[in-house]
Amino acid sequence: MKKGYFDKYGGVYVSETLMPAVQELEKAFNKCKNDKKFNNELNNLLKNYAGRPTPLSFCERLSKKLGCKIYLKREDLAHTGAHKINNALGQALLAKYMGKKRIIAETGAGQHGVAAATAAAKLGLECEIYMGTIDIERQKPNVFRMKLLSAKVNPVSSGGRTLKDAINEALRDWTANVKTTYYLLGSVLGPHPYPEMVAHFQSIIGKETRKQILAAEGKLPNAIIACVGGGSNAIGIFRAFLKDKDVDLIGVEAGGLGIESGKHAARFADQKLGRLGILHGTMTYVLQDKFGQIYNTHSISAGLDYSAVGPEHSHLRDLKRAAYTFATDKECLEAFKLLSEEEGIIPALESAHAVAYALKLAKKMNKEDIIVINLSGRGDKDIFEAARHLGVKV
């Protein structure tokens, strides 16, 4: 496979100004990922600061209700409440090893922003976060957390005012301040080496899950389900099972108000708008018209509200090693409510998309079949948004 590509997907599509920075990053990552001192320091942070390993929880009540065994990989219990801390600590430590004093990041749901701000505070780095104004409004708790962690939050009011536009502004900042600044990208997106690097830092999820399910059940699961925006939590859990052909890998996109409505973020499911294209430095599936104009997306979940998907996901889909489907806003809310009521676990709205599809898949399963859901984050940040849609006064 060509360096920086997953078959035809991936690559480095950036301006000449950024090429030296991307090359510097690739060189530093390749050195540090095999460096004993770097890995010891990162593993110590993951264990004693982020709280890894996270548990694999058996859902007794939900399993009984659905008729098969349901397990949750509890990334919601990691420090800051989501899987994002794994990558944020890895990249922030890399930035420190590179001698960078300032990090910038984009965020949609705010979890990556919080994780980046947290890692920066822990390692003594300056931090600025770019966030769309729509996302700022629906994720106020996370905005306050970022500010409390001493990060500067820069509102983005251009375009659709969501994640895509936040990435645009972060890239502009990086271009202008490339010598002193490290861009801590939050998902398996962007130019090489970001998709590979983020997947590397998130692969700990799958490695832990594999050991935990074998210890609990003595066998691998029938299916692993994860939500897919950019797709870092999904790649993180999928990678440890890619060679296990009997384990179905299923990514769940944001169906929004439905594919027919045009208000969604389902890049693979939309046969009219989802097509090969370039966005934010990488070749992948993008929601765009025939002239290449990027479509604004919609999802109840800010973290899945993005016009493209990570290039490795596009490759896995072509290989038929992973399948991709979607859940609508309505299905997401129903799953959000059900998991809260049945198990006492309030999921992030992103994660609730994965739970929503598990409810459908369970109908085809037998009593001893196993589904593992990557619960990528907790729902504290989403309670006011969920309450608004559910018509609950708080």
Side-chain angles (χ1 to χ4, degrees), residues 9 66 108-109 160 162-164 187-189 223-238 248-277 279 284-289 294-339 347-364 371-377 379 382 385-386 389:
Y9 306 105
L66 298 181
T162 57
L163 182 58
K164 169 177 67 69
S187 196
V188 285
L189 300 165
I224 294 174
I225 306 176
C227 64
V228 176
S232 63
N233 90 92
I235 288 294
I237 197 168
F238 286 176
D248 292 334
L249 306 177
I250 304 166
V252 186
E253 298 184 284
L257 301 181
I259 303 301
E260 305 80 14
S261 71
K263 295 183 177 181
H264 60 81
R267 289 66 47 106
F268 293 136
D270 193 324
Q271 300 298 312
K272 294 181 179 179
L273 298 177
R275 53 171 62 91
L276 189 63
L279 183 62
T284 187
Y285 265 81
V286 182
L287 283 174
Q288 58 185 324
D289 64 20
I294 306 301
Y295 262 65
N296 289 327
T297 54
H298 163 80
S299 173
I300 191 173
S301 163
L304 303 186
D305 201 354
Y306 182 62
S307 302
V309 66
E312 189 171 0
H313 284 293
S314 295
H315 181 48
L316 291 176
R317 180 174 179 262
D318 281 2
L319 293 176
K320 294 183 169 53
R321 181 59 196 96
Y324 296 86
T325 183
F326 64 90
T328 64
D329 288 352
K330 181 180 178 182
E331 291 168 335
C332 166
L333 283 168
E334 289 170 352
F336 176 89
K337 195 166 181 287
L338 181 66
L339 187 62
L349 287 174
E350 290 86 354
S351 311
H353 284 73
V355 177
Y357 185 71
L359 303 182
K360 296 179 182 179
L361 183 62
K363 296 176 182 178
K364 305 174 184 177
I371 297 174
V372 173
I373 304 168
N374 195 15
L375 202 74
S376 56
D382 294 318
E385 186 71 7
H389 284 277

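Side chains are part of it too, since the values below use all heavy atoms of this structure and drop only hydrogens, waters and symmetry mates.
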Asker: Quick check: are there more than 12 heavy atoms from other residues, nucleotides or ligands sitting under 6.0 Å from OH of Tyr295?
Answerer: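 No, not enclosed.
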Asker: Within this structure, what is the CG-OG1 distance for the pair Leu189 and Thr284, rounded to the nearest 0.5 Å?
Answerer: 8.0 Å
Asker: Rounded to the nearest 0.5 Å, what separation is found between the CG atom of Leu333 and the CD atom of Glu385?
Answerer: 9.0 Å
Asker: Hey, does Ser261 have a side-chain heavy atom less than 4.5 Å from the side chain of His298?
Answerer: no
Asker: Could you work out, with ring-ring contact (aromatic ring centres under 6.0 Å, His included) as the rule, every residue matching Phe326, not counting sequence neighbours?
Answerer: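 Partners of Phe326 by the ring-ring contact (aromatic ring centres under 6.0 Å, His included) criterion come out as none, since no residue qualifies.
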Asker: Using a 4.5 Å cut-off on heavy atoms from C-beta on, say whether the side chain of Ile259 contacts that of Gln271.
Answerer: no
Asker: Where the side chain of Ser351 meets the backbone of Ser376, is there a donor-acceptor pair that is under 3.5 Å apart?
Answerer: yes
Asker: Are the side chains of Ile371 and Leu66 in touch, meaning some heavy atoms are under 4.5 Å apart?
Answerer: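 No, too far: nothing below the 4.5 Å cut-off.
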Asker: Can you run down the salt bridge (charged side-chain N to carboxylate O under 4.0 Å, His left out) pairs that involve residues 314-330, sequence neighbours left out, and say none if there aren't any?
Answerer: none
Asker: Looking at CG of Asp289 and CZ of Arg275, how far apart are the two atoms once the value is rounded to the nearest 0.5 Å?
Answerer: 7.0 Å
Asker: Rounded to the nearest 0.5 Å, what separation is found between the NZ atom of Lys164 and the CG atom of Asn296?
Answerer: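 Reported value, rounded in 0.5 Å steps: 5.0 Å.
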Asker: Which pairs would a plain distance check flag for residues 223-235, meaning a side-chain donor or acceptor within less than 3.5 Å of a matching protein atom at least two apart in sequence or in another chain?
Answerer:
unit_1 : atom_1 : unit_2 : atom_2 : d
Ser232 : OG     : His83  : NE2    : 3.0
Asn233 : OD1    : Asn374 : ND2    : 3.0
Asn233 : ND2    : Cys227 : O      : 3.0

Asker: Return the set of residues passing side chain to side chain contact (heavy atoms under 4.5 Å, CB included) with Ala322 (not counting sequence neighbours), or none when no residue passes.
Answerer: Phe238, Leu249, Leu316, Tyr324
Asker: To check you understand the geometry: which heavy-atom pair defines the closest contact between Lys360 and Glu331, and what is its length?
Answerer: NZ-OE2, 2.9 Å
Asker: Can you check whether Leu339 reaches Leu375 side chain to side chain, under 4.5 Å on heavy atoms?
Answerer: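 Leu339 vs Leu375: side chains touch.
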Asker: Roughly how far, to the nearest 0.5 Å, is OG of Ser187 from CG of Leu163?
Answerer: 8.5 Å
Asker: Sequence neighbours left out, what passes side chain to side chain contact (heavy atoms under 4.5 Å, CB included) with Ala265? Give chain and number order.
Answerer: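 Ala265: side chain to side chain contact (heavy atoms under 4.5 Å, CB included) contacts with Ala254, Thr297.
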Asker: Side-chain contact test, heavy atoms from C-beta onward, threshold under 4.5 Å: evaluate it for Leu276 versus Tyr9 and give yes or no.
Answerer: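 They are in side-chain contact.
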Asker: Any pair with a residue in residues 348-358 that passes salt bridge (charged side-chain N to carboxylate O under 4.0 Å, His left out), sequence neighbours left out, goes on the list, sorted by first then second residue, please.
Answerer: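 Every pair satisfying salt bridge (charged side-chain N to carboxylate O under 4.0 Å, His left out) with a residue in residues 348-358: Glu350-Lys381.
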Asker: Donor-acceptor check, side chain of His315 to backbone of Pro311, threshold 3.5 angstrom: yes or no?
Answerer: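 Absent.
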